[in-house]
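Read the structure below first, then the notes.
Note that the numbering runs from 1 along the sequence shown for the chain. Counting starts at 1 for both ligands and their atoms, in listed order.
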Amino acid sequence: MDYIDLHTHSTASDGTFAPAEVFALAAELRLSAVALTDHDTVAGLEEFLAAAKDHPECEAVPGVELACMLYMREIHILGLFINCRSAVLTEFLEKCRIERAKRNRDIFLKLHFLGYDLDLSMPEFGGKELDAIGRPHFARALRAHYDGFTTSQMVFDKLLGHNRPAWVPRKLPSPAEAIAAIHAAGGVAVWAHPVSRDTTERAYLTRACRKLAAQGLDGIEAYYSLFSANETALVTEAAARYGLALSGGSDFHGENSANVVLGFGAGGLRVPEQLLYGLKEKLIQRRTEA
Ligand code: AMP
Ligand code: MN
Ligand code: MN
Ligand code: MN
């Protein structure tokens, strides 16, 4: 059986592997497809697709991960098979990055008042702009410059996580806007990690699936690094009920989530290649409707 990984991050957002390195690793692991899905940016896609040129055995899927707000919770929607030059998507991402920059500026301020002085020129921020960094960069910088943080998770639990002292909310678009931007870019929209972290309840899953399916959601991530077999079964059942295609990926971030391996997740993850065909069927439906 062949396997794929449709959820990964590179140095274009909060991963530690360059886009070309993500592709090279996927090819080395003999995955038959890999998607690059950086947060709020398509900046890594050109390099990613170029790296795939001489590797027909491994399909490179251009993607993006968009954060949105639904029923008072942050959820993430992946765009897969997107055209990264789409004007509508470009404008949408520009707005996301403006809000991200504002949020990041406030995180620096909050940390300062808490006694942690960080600045963007520190090497842990990778020479990136204020609108391109994420909380994992803050976690790295705090670990490097202050004692007492052995893991990134510890920094999130103590400072950066939801409602912790350095938590700053970010103005997020609605899922309808995110889905529309993905469709305008010729892609399919997939709800990422629908039952991980804050969103573990079955009731939320059902309610959100109904709403998102009505708004044009195409797929849902049923295979994910943090999912148990029960969670995969729960999501698969919801997908069948709402006519959604299944997707799956590791959410690879390189050293920023050291326990997650490309294609294998935290150990037991294997995403069957067949899922790609279901997503491509959705893609063909979308493109013939358009
Ligand atoms: P941001 O997009 O800047 O708000 O940062 C969110 C990112 O931080 C996610 O994409 C994950 O990579 C990471 N993250 C979120 N929550 C945690 C957590 N509890 N522990 C470790 N990493 C996390
Ligand atoms: Mn991330
Ligand atoms: Mn996510
Ligand atoms: Mn992700």
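One option in R103, H39, H76 has a heavy atom closer to atom 3 (O) of ligand 1 than any other, and that option is R103. Nearest to atom 6 (C) of ligand 1 by heavy atom, out of R135, H9, H162, H253, is R135.
Legend: residues meeting side-chain hydrogen bond (donor to acceptor under 3.5 Å, both in side chains) with Y116, ordered by chain and number and at least two apart, are K158.
No salt bridge links E99 with K95; every basic N to acidic carboxylate O contact stays at or beyond 4.0 Å.
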Q: Begin with the C-alpha distance, continue with both residues' side-chain angles, and end with the deciding distance and a verdict on side-chain hydrogen bond (donor to acceptor under 3.5 Å, both in side chains) for S121 and D119.
A: CA-CA 5 Å; S121 66; D119 72 79; 2.3 Å; yes

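Listed by atom number, the atoms of ligand 1 under 4.0 Å from G134 heavy atoms are 3 (O). Every atom of ligand 1 is numbered from 1 in the order shown, and the set under 4.0 Å from a heavy atom of P136 is 5 (O), 7 (C), 8 (O), 12 (O), 13 (C). Ligand 1 places these atoms under 4.0 Å from at least one heavy atom of D14: 7 (C), 10 (O), 12 (O).
With a cut-off of 2.8 Å, the Mn ion (ligand 4) has an N, O or S atom of H9 in range. One of the N, O or S atoms belonging to E65 lies under 2.8 Å away from the Mn ion (ligand 3). With 2.8 Å as the limit, H7 counts as an N, O or S neighbour of the Mn ion (ligand 4). Note on H76: counted as a metal contact of the Mn ion (ligand 3), an N/O/S atom lying under 2.8 Å.
The name of the N, O or S atom in D251 nearest to the Mn ion (ligand 4) is OD1.
Annotation for R30: atom CZ does not count as buried by contact number, only 12 or fewer foreign heavy atoms lying within 6.0 Å. Sparse packing is recorded around NZ of K211, with 12 or fewer heavy atoms of other residues, nucleotides or ligands lying under 6.0 Å away.
Among all heavy-atom pairs drawn from A27 and H55, the shortest one is CB-ND1, 4.1 Å.
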When the side chains of residues 271-280 are checked against the rest of the protein, which donor-acceptor pairs come out under 3.5 Å, sequence neighbours left out?
residue	atom	partner	partner atom	Å
E273	OE1	Y277	OH	3.0
E273	OE2	S32	OG	3.0
K280	NZ	E59	OE1	2.8
K280	NZ	E59	OE2	3.2

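Ring-centre distance between F125 and F108: below the 6.0 Å cut-off.
By the 4.0 Å heavy-atom criterion, S152 is excluded from the residues contacting ligand 1.
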